[in-house]
Colleague: 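Input: one structure, supplied below.
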Amino acid sequence: MTLSNLPLLSMLIWTPILGGIWVLIAGDRQEETVKYFSLAVSFITFVFSVILYCQFDTTYAGMQFVEETKWIEAFNIKYHLGVDGIALPLILLTTFTTILVILSAWEVIEKRISYYMCAFLILTGLMNAVFVALDAILFYVFWEAMLIPMFLIIGIWGGPNRVYATIKFFLYTFLGSVFMLVAFLYLYTVAGSFNIEALHNAPLSLTAQKLIFIAFFLAFAVKIPMWPVHTWLPDAHVEAPTGGSVVLAAIMLKMGGYGFLRFSLPITPDASLFFSNAMIVLSLIGIVYIGFVALVQEDMKKLIAYSSISHMGFVTLGFFIPFAIVAGTGSDSGAIMGMEGAMMQMISHGFISAAMFLCVGVMYDRLHSRMIKDYGGVVNSMPYFAAFMMLFVMANSGLPGTSGFVGEFLVILSSYKASFWIAFTAALTLILGAAYSLWMYKRVVFGDVTKEDVAELKDINSREAFILFMLAIVVIMFGVWPAPIFDVMHVTVEQLIDHVLQSKIL
Amino acid sequence: MIEQIVFYIFAGLLVFSASMVVVMRNPIHAALFLILSFFASSAIWILLQAEFLAITLVLVYVGAVMVLFLFVVMMLDINQVIVKEGFTKHVPFGVGVAALMVTAMGLVVGSDYFLSDRYIATEQLDPNYSNARELGIAIYTEYLYQFEIAGAILLVAIIAAITLGMSKLKINKSINPNKQVYVKKQDRLRIIKMQSEKKESEA
Amino acid sequence: MSADLIVALPEIILFALACLILIVEAYSKDPLHTLTYWTTQIALLITLALIMSSCPKEAVIAFNGGFISDGMSAILKAFMCGITFIVFLYSYEYLKEHKTIKGEYFVLGLFAVLGMMIMASAYSLLSIYLGLELLSLSLYAMVAMQRESESASEAAMKYFILGALASGMLLYGISMIYGLTGHLQLADITEAITNDSINRSYLVFGMIFLIIGAAFKLGAAPFHMWVPDVYQGAPTSVTLFISTAPKLAAFAMTMRLLVDGLFPLVSDWQSILMVLAVLSMGVGNIIAIAQTNIKRMLAYSTIAHVGFLFLGLIAGTIAGFSGSMFYIISYALMSMGAFGMIILLGRNNFEAELLNDFKGLAERSPWFAFIMLCLMFSMAGVPPFLGFWSKWFVLKELVTSGFVSLAAVAVVFSIIGAYYYLRIVKLMYFDKAESMTAIKASKQMRMVLSVNGLLILVLGLAPNALMALCLSAIAG
Amino acid sequence: MITLPEVLLLAALLFCISVAGIFLNRKNVLILLMCVELMLLSVNMNFIAFSHFLGDVHGQVFVFFILTVAAAESAIGLAILIVLFRKKNSINVDDLSSMKG
Amino acid sequence: MFENMEIIYLIIVLAPLVGSLIAGLFGKVIGRSGAHWVTIIGVAISSILSMVAYKHHMFDGAAVYNQALYTWLSSGGIDFQIGFLIDPLSVTMMVVVTFVSWMIHIYTIGYMHDDPGYQRFFSYISMFTFAMLMLVMSNNFLQLFFGWEAVGVISYLLIGFWYKKETAIFANMKAFLVNRVGDFGFLLGIAAVLMYFNSLDYATVFTNVGQHAETTITIFGNEPWSLMTVICICLFIGAMGKSAQVPLHVWLPDSMEGPTPISALIHAATMVTAGIFMVSRMSPLFELSETALSFILIIGSITALFMGFLGLVQNDIKRVVAYSTLSQLGYMTVALGASAYAAAMFHLVTHAFFKALLFLAAGSVIIVMHHEQDMRKMGGLYKAMPITWLTCFIGTLALIGFPGTSGFFSKDAIIEAVHHSSLYGAHFAYYSVLIGVFITALYSFRLLFMTFHGEQRMDTETWKHLHEAPAVVTVPLSVLAIPSLILGAFLIGPMLFGEYYGDAIYVASKHDVLAEIGHDYHGIGGFIMHAFKHPLVLILMSSGIFVAWLCYIKFPELPGKIVSKFGFIHKILLNKYGFDDFNQLVFARGTREIGQLLWKIGDVKIIDGLFVNGTARSVGIISNMVRNIQSGYLYHYAFAIIIGLLVLLGVFVHGILN
């Protein structure tokens, strides 16, 4: 098998980007070609990621498939790629979601279809790149570059208030990341290199760590997003086209989490310890506060956006629980559980939120409204759709047997090890999550039809059915068989925990 | 001693005329005061043993530049411009700032540091010392390069002055034969069709 | 002596050619001045070639220390010629389009370039001053040249008065330095400062005047006031010119004065520049937000960029200076593209100088909308464009020299700045076009502009070469 | 016997007067040009003083060049002034404010 | 065939799942009959096999089977597994669940005969059977929680089966959310277990439980709590949700909005008893915390008594049965509290049969009455539908604990057990269950009389068309009637006093009330005689019947009078003690208010308005201010330069700042 010596990671990055460029050149004239070509590209990318998964050595903690070539010798910045157990699942998530996004745009996007496809393909490439970049500057370049297509996607195909939303999105995330850049530059003075692994081992004083942690925090907390820097997300989601919302919720948010794992925790372990309580509190506020806010949303997309924020609260909680556990019990048992739970939560939320947004998209394409009050009794006219949506709603409220359950369950279990009250507050999501999800479902899907345009709704066509079906499969599969994801990340996470629990202060 | 007196006389004159230049409302007066200040300063320069430059100052400035100024003033018959009074209420403030600046600079340049023996002028130059020759040698050997640049600058000044100054605009009535030759009928003459009038009654 | 002539060959040839072209111009009846234009361009290319060919390994000082030819001067000169070449290409389009074409424009342009080159390789205060004047005088004239427009002449007047004021300051500074050190030649000055015991604060006194002179040329706050008015008032072709090559010259001058001349005072001018840098970034970025005229907006963005440029100097290291050099070069390339875009959109007796003229460009011409997008994101400092690397470079050196907090301040301002660049992208892509009039511009204009835009992207993807060049230029 | 500080102070005073003239005068651009000339004059004064007291000719050379440039400068300045006058029919400084903000 | 029971257990679990999936996914293809056949066969298989397993364990005395079959995931050194623990406890539950479910499948054919969602319904109930089996057969907390949630969801789906009915979809959301509150506690309990035992496996936990008997933790302030109490109360909160104990009972009455078979299967026989089962399963833990036990005892008795009262004033036939279910669940809980787990399980089993029977009977009445559920519009039906009447009568007898019926044994046992219990609150519990007996008799016979006796109050049109329900309905009725009648007699001996449960249930000797009763237990006859020797219970019961007869047969106007006399109390009862209003007001509205507040004030006003957009706005304002410096006047520009010069000079030459 010669696959092993292919530059898989580069292929993951550049295939979609080049494909996107081709699409742009092809232009809107050959619309069909564009669509099918984009689909093909996204599918090939997915295949690459699957090959990557199959070839991945789950027993090795470090970086695999490493590619390293000169880029900027002047400052030995390298084109340095590699993948480990944390990045791999996210890559799969990315490539998989892209296919669905491409499909979901099929008949929906009328204006500038080629731009649309191009934007998404390039975005995919960049997102993959973010997950595999092993050079801080390389990472930063991709991280920022990613904003451009997203900015355009929201701005061009977005809703009425898109300009406000997209500029808010851009500046907000930009604000966060520039401080990260400064932090990188500072780290360079310490480590003498931008190589992330080198940064992991660079000794740092506590104050330095604190400052760096805050800089990273600004970048990643905004991205993930954590309360109170979350307000860009609902706007962005509401205005974004379905595909945009999907990518935003399914992958972009995860980058914040990835950032915490890749940078904040290993580079500034002591500061992470120092700030862990604050982070936990913020996460808990996020979970509960946002849960309440989600409850009263009248706009479905807003509601799902808020629920995303609250779910991401679990991610951050899981990341910082280990410190609390060690501080509390003195042993790190359960720390791994929290971390892995958080990882799992990211993955599954990727699928579920994608599914939810696609569901809203399906309705929006028919009625051009996202308002809950404009619906009601959808089940009567769209039974199949209702069935799918029920599944996803349940998954969203963390039902055992769906992927949504695994992450929350593990995080709650491990957070109990830290403190009863943390677990208590976190577990409130059981009630709140169910409340907002089901209440929306009740108002939208159940009930008798009161509006005639709802009565005339056409049930999902085969394309939409296929998309939702794929997601349903995945959601259930990882619900009953989460092993594939966990096997991949065990070793890496363990090693990460070991690394994080040692002080870096000299 | 005498030098000092002379210096102060001219210095006073210089300062006075300079400030008059600023204060004067009528540009012609201002120009004349400027000339006066040039004279005064050239005198001081002579005290400082820069004869050549002193002469040049008078020749070039008073002779050429100031004439140019006056010429322009006349040409633009400024009178219509200076109806309103020159200054406005901001004057005291401005003067205050100026004073502040004087102190800020004076504190440095007026300090005894410049009395140190680094700055002792040679009292008596020998009789057959020629300031002009000194300069000449310097300029045409050491500063050849800069001299050339100065030439370029003057050239640019000429070009600029000419291009800006000479006005093709209204005055110029010359015609362009090319255009006349290439004129076609349809450029000048347009034949339009229109229905013959009808009366409302028929319509 | 003849050796000196060899070293200064590019300048000499350029001077000669300029005079030649002046004669050609004088005798040409062609209303389009085609001949003048092409000869000018050829002259530039010849000079460029000469510079390339005579790129020195190590610094050569000529004309009794009035002239130096080193890596920095060579590279800057090369870029000056190259950039001016493209600028003239754009300008020619513009002038033809607006029927205000004049042969003198190119001649004066050439003299300006000569002035810049002199500044770039000036090694004594006198040559710096003369080079500066040669440049400025030509620029004043060029600004005023479009005599039809009121604003042009107003701009010219403001530019002239303030410029004179600034050069007066510069001269006073020079006189002080001269008086304190007794030298005009930069190396001697450095030596004098280091060896003789000269009252430092008096030196600083003189230096402040020098810095003001330089800061004025660069357009750093609070000496920036002329920039917006001149950029707006001057004909776009001239604005284009002013905002590109002369910036390189001004940078060179700053380097000569502060680094070659007054490096012993580094700690002092670092802190002075810090003040100017923060002010410039603040004023530039904040006021730019409120602008509706794109030329004016870009003027303020220039001010902000100068603030960033200073950061590299503040770092006070070889790498830092290289960073600034990298910054100014990439800035020149970007603003060349941006103003080129304005020229491209302009039509006969219509200047596309309002932001709203960019509305819906993506529908009118996707390709140029994309080019503009590259330029804007590059100016905002978003990777993978060149602008990011320039910011990155100076910030990195700044942080390396330990000015972390200053770097933080800088990035905050860069975020504020990002907003108004985004606004242009928003206008181009998210808004409806008011008129769908197609873009009429000559083929080479389109081509060059495209190359210009793509260059920003390509250099953004592979900045190494340029970085290495700048590093070697300063170090070598 | 004249001392250096005296001359320098004179020059500084001249400098400040001219500068004040520039930002105090609100009516007549011509006078601005004259102030510029004054400023150069003060600088020249500085140079000459220094060259005298340092016993070094370079200062005077510099002055020579300044004079040259100043002449060129004033020529261009006046040319611009004329153009301006043609446009605005006034050389009132207050009228030079069509561009602001 | 007993070599590899594993296969059998798997089949037991999976058969209903398969049936459900087929019916659900390919409902259109296989059609109605296909749907009910496939599901019924599925359930039948698992039911029969459960009986086989029952025989295998109870009669052939096979060893307890405890195997993990599948590792769901392992994280941080802890394996989360899916596995079976088959012991007397679970095997009994299996039989009950599968059998009742089977019957109800059959019954459904008749009941849902002309419903559009026929296939969907069958798919749901088979799925439910699967989930319930997972729950009872689990050998670890995770799977327990999994089944726990699963049955909750399916009951949600089934209550909202008629999704057009506003009441139905309100009821099902209510049910789910209330259950979630329970699960909230349950999950915390599980988390606590994991924290201290580092395993979710029953066996491991129960064997190591001794180590933590004395462990205390601090939750509020720093006053120590017994770990076991915390764990047990958390777990029991879960049970309260599922088994509808006060105050989490509110969902059960509303759940009657669902089709009757559901009410029978889920909300009477099986799901609601999951809590009881769970507590019995956890007996080793509960036995270590008397606090928890008394808590359970008190909650149970409150439920038993006060929910009974509510049964008196209901006119909806199903709701009466529902409230009786509540109070019966209360009885079981009381038994648990008194550590008489066996009695609780015993009552659970008998109750499963006779309550299912009652529901189905009510259901068949409802069909015949064309989905009319108001008892005031019924009466005298016994002529028209004898079988229904008879079975219903049997069910009623069993419910009120008429001597000899299965209900009698289980309920009496509970009362005795409580009587002997010495825990805090035992007396209160004892008296409540005693009064409960009277109440039970009263409302049960009220139902019987109002429905089947007295004059017919329905319009003649309906009266003409009255007829006995179809066989698919009557057969299950009859089949269920038999165990309701006799099952108790067979089970009481072994189940309460014999070694029936083996080690499945652990009772600390000092709590072992059943043992005390056991001393003077001499066979069924003796038990019955004992009841007659101490006739208090019987008296209460018969007086209940008598009062019912007075009010609803002799003087039908009497109830009206009483109501008018005690209008206040009647109102309270009608308002169900105001639980619903309270929840609506405080929780439902409260949360929404908070949400609105946090959103409109917190997010929109403060975070967005003040900070995010506020910053942007202020930058804009500043910019518009600062740009005025650029006045366009030359002298201002010059002035700026001079100021700059002065400042620089002042700071860096004259050192003003320092």
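Quick caveat: nothing in here was measured; it's all calculated off a predicted structure. Per chain, numbering begins at 1; letters A, B, ... match sequence-line order.
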Colleague: Pick one of side chain, backbone, both or neither for C:Y140, based on which atoms fall under 4.5 Å of a heavy atom in chain B.
Modeller: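 Neither part.
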Colleague: Side chains of C:H98 and C:S237, heavy atoms from C-beta outward: is any pair under 4.5 Å?
Modeller: no
Colleague: Heavy-atom cut-off 4.5 Å, strictly under: side chain, backbone, both or neither for C:L134 against chain B?
Modeller: both
Colleague: At a 4.5 Å cut-off on heavy atoms, which part of B:L154 comes close to chain C: side chain, backbone, both, or neither?
Modeller: neither
Colleague: Return the option, out of B:I149, B:V109, B:V108, B:V156, with the maximum number of heavy-atom pairs under 4.5 Å with chain C.
Modeller: B:V108
Colleague: Of C:I61, C:L125, C:I68, which is the lone residue that meets side chain to side chain contact (heavy atoms under 4.5 Å, CB included) with C:Q185?
Modeller: C:I61
Colleague: Does C:A62 offer a backbone N or O that forms a donor-acceptor pair with the side chain of C:D4 under 3.5 Å?
Modeller: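 Not at all, since once roles are kept as given, no pair shorter than 3.5 Å links the two residues.
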Colleague: Could you tell me whether the side chain of C:L95 reaches within less than 4.5 Å of the side chain of C:F106, counting heavy atoms only?
Modeller: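 Sidechains of C:L95 and C:F106: in contact.
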Colleague: Sort B:I153 into side chain, backbone, both or neither according to what part of it lies under 4.5 angstrom from a heavy atom of chain C.
Modeller: both
Colleague: Side chain from CB out, backbone as N, CA, C, O: work out which of these in B:A157 comes under 4.5 Å of a heavy atom of chain C, or both, or neither.
Modeller: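 It is neither, since no heavy atom gets under 4.5 Å.
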Colleague: Counting only heavy atoms closer than 4.5 Å, note whether C:L22 contacts chain B via side chain, backbone, both or neither.
Modeller: side chain
Colleague: Looking at B:S111, B:A150, B:A160, B:S116, which has the largest count of heavy-atom pairs under 4.5 Å with chain C?
Modeller: B:S111
Colleague: Pick one of side chain, backbone, both or neither for C:M176, based on which atoms fall under 4.5 Å of a heavy atom in chain B.
Modeller: side chain
Colleague: For C:S153, is it the side chain, the backbone, both, or neither that has a heavy atom closer than 4.5 Å to a heavy atom of chain B?
Modeller: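 Neither part; nothing is under 4.5 Å.
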Colleague: Using non-hydrogen atoms only, which part of C:I198 is less than 4.5 Å away from chain B: side chain, backbone, both, or neither?
Modeller: both
Colleague: Looking only at heavy atoms and a cut-off of under 4.5 Å, which of C:L137, C:L126, C:I12, C:V107 has the most pairs with chain B?
Modeller: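 When all of C:L137, C:L126, C:I12, C:V107 are compared, C:L126 has the most.
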Colleague: If you define the side chain from C-beta out and look only at heavy atoms, does anything of C:I177 sit under 4.5 Å from C:F209?
Modeller: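 Not touching, per the 4.5 Å side-chain cut-off.
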Colleague: Any non-hydrogen side-chain atom of B:F39 less than 4.5 Å from a side-chain atom of B:F10?
Modeller: no
Colleague: Is it true that the side chains of C:S91 and C:Y105 contain a donor and an acceptor less than 3.5 Å apart?
Modeller: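 Note: C:S91 and C:Y105 side chains meet the donor-acceptor criterion.
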Colleague: Compare all side-chain heavy atoms of B:Y143 with those of C:F63 and state whether any distance is below 4.5 angstrom.
Modeller: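 No; the side chains remain at least 4.5 Å from each other.
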